[in-house]
Amino acid sequence: YLERTWLYYDAVIVDEGQDFTPQAWAVISLLPESDGHFYIFYDPDQNIYTKELQLPDFGLPPVILNRNCRNTKKIFEAVQPLQSTPGVIWENSPQGSEVRILRGDCRKNLQSELERLVNYEKISLNNVVILGAHSLKNTSIGENPQIGKFHIVSTPQVSAPNEVRYFTYMKYKGCESGIVILLDVDEEDPRWKSRCGMYTAMSRAAQELIILHK
């Protein structure tokens, strides 16, 4: 189709390049003009969809962007062991609080953490996201999304004061939130045991990271 209509562009920029299959690259590679610009931004440590990372060969070495400008220094320290390429933290990044790790009853721990954030840290729930490895009904939330006074919703936006958003870390890839709570982390679950999956989930947190283990 592209060759028939001569649909070419002066510049093509692809983000999240690690998510594209070789079949997709075969089509995308036809988009730039022969003398056009073609840029691909990708993070091999977020390769959670494709079995093998296969990017177009430009005949040039990649430019490595290794400066972390999202996370606090404490969160950066926690995610750094999961990175395949060593990174550096932006010198002006805040120190931040220690990553909180709680084990046991995830529903109970989730309620206590939400109460702490709202009642003591005075955090707006718009700045909080819960991330899991499975759909909401297949987590410890189950069919009862009411956690104390909080209502867990799997919608992009909240519509009531006490609603808290839930996403799978796969769906939330490429996004970020001030405070991220990882729910039902389980070393026996292949989706949590995956280095890339854990890195992707943890690195979504900009200011505070809370990990609730089963």
Side-chain angles (χ1 to χ4, degrees), residues 1-3 7-90 93 99 129-135 138-139 154 156 166-177 180 182-206 209 211:
Y1 173 79
L2 294 173
E3 291 179 326
L7 182 61
Y8 300 128
Y9 295 90
D10 294 331
V12 173
I13 300 174
V14 180
D15 195 16
E16 302 289 346
Q18 72 280 347
D19 294 345
F20 291 80
T21 64
Q23 293 80 9
W25 287 124
V27 177
I28 297 171
S29 297
L30 296 174
L31 291 172
E33 293 277 7
S34 58
D35 59 347
H37 301 281
F38 192 5
Y39 297 99
I40 301 171
F41 292 87
Y42 69 99
D43 183 351
D45 293 324
Q46 294 188 59
N47 182 22
I48 59 177
Y49 295 129
T50 58
K51 291 183 178 180
E52 185 176 352
L53 187 61
Q54 298 183 29
L55 302 177
D57 184 6
F58 294 120
L60 298 170
V63 177
I64 299 176
L65 307 175
N66 66 344
R67 180 174 295 179
N68 185 314
C69 299
R70 168 184 290 154
N71 309 125
T72 64
K73 292 177 180 177
K74 287 295 184 181
I75 295 174
F76 173 73
E77 290 173 4
V79 301
Q80 197 172 23
L82 299 171
Q83 292 182 271
S84 60
T85 301
V88 296
I89 189 70
W90 183 44
S93 296
V99 174
V129 162
I130 304 169
L131 298 183
H134 302 276
S135 61
N138 291 320
T139 68
S154 53
Y166 173 89
F167 301 91
T168 62
Y169 69 74
M170 294 80 81
K171 188 172 183 179
Y172 206 66
K173 192 175 64 62
C175 302
E176 68 177 61
S177 180
V180 169
L182 303 188
L183 181 68
D184 291 350
V185 175
D186 182 359
E187 291 83 355
E188 299 302 317
D189 186 328
R191 292 185 179 179
W192 284 121
K193 188 162 54 175
S194 161
R195 178 187 64 83
C196 290
M198 197 66 184
Y199 169 81
T200 300
M202 291 173 63
S203 60
R204 301 307 94 201
L209 175 61
I211 302 177

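Below, all heavy atoms of this structure are taken into account, side chains as well, without hydrogens, waters or symmetry copies.
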Among residues at least two apart in sequence or on other chains, which ones pass ring pair (Phe, Tyr, Trp, His ring centres under 6.0 Å) with Phe167?
Tyr172
Can you name the nearest heavy-atom pair linking [X] to [Y], along with the distance?
X      : Y      : answer
Val79  : Met202 : CG1-CB, 3.6 Å
Ala78  : Pro81  : O-CD, 3.4 Å
Leu131 : Val129 : CD2-CG1, 3.4 Å
Met170 : Ala133 : CE-O, 3.4 Å
Tyr166 : Leu183 : CE1-CD2, 4.3 Å

Assess whether side chain to side chain contact (heavy atoms under 4.5 Å, CB included) is satisfied between Glu187 and Trp192, documenting all intermediate values.
CA-CA 6 Å; Glu187 291 83 355; Trp192 284 121; over 6 Å; no
Between Glu16 and Lys173, does any NZ, NE, NH1 or NH2 come within less than 4.0 Å of an OD or OE carboxylate oxygen?
yes
Is the shortest side-chain N to carboxylate O distance from Arg191 to Asp186 below 4.0 Å?
no
Check: residues 63-76 side-chain donor-acceptor pairs under 3.5 Å, at least two apart:
| residue | atom | partner | partner atom | Å |
| --- | --- | --- | --- | --- |
| Asn68 | OD1 | Arg70 | N | 3.0 |
| Asn68 | OD1 | Asn71 | N | 3.0 |
| Asn68 | ND2 | Asn71 | OD1 | 2.8 |
| Arg70 | NE | Glu176 | OE1 | 2.9 |
| Arg70 | NH1 | Ser203 | O | 3.4 |
| Asn71 | ND2 | Ser203 | O | 3.3 |
| Asn71 | ND2 | Ala205 | O | 2.6 |
| Thr72 | OG1 | Ile75 | N | 3.2 |
| Lys74 | NZ | Glu98 | OE2 | 2.8 |

Say whether, by atom type as modelled, one donor and one acceptor occur between the side chain of [X] and the main chain of [Y] under 3.5 angstrom.
X      : Y      : answer
Gln18  : Leu53  : no
Arg204 : Tyr169 : no
Thr200 : Cys196 : yes

Does Glu188 have more than 12 heavy atoms from other residues, nucleotides or ligands lying within 6.0 Å of its CD?
no
Apply the test side chain to side chain contact (heavy atoms under 4.5 Å, CB included) to residues Ile28 and Phe38: give CA-CA distance (whole Å), side-chain angles for both, the deciding distance (0.1 Å), then the verdict.
CA-CA 10 Å; Ile28 297 171; Phe38 192 5; 3.9 Å; yes
Quick one: does His37's side chain get under 4.5 Å of Asp10's, heavy atoms only?
no
Within a strict 4.5 Å, meaning less than it, do heavy atoms of the Ile40 and Phe58 side chains meet?
yes
Parallel, tilted or perpendicular: which describes the rings of Phe20 and Trp25, with under 30° parallel and over 60° perpendicular?
tilted
Regarding His134 and Asp184, do their side chains bring together a donor and an acceptor under 3.5 Å, going by distance alone?
no
side-chain contact (heavy atoms from CB on, under 4.5 Å) with Leu182: which of Val99, Ile130, Ile211?
Ile211
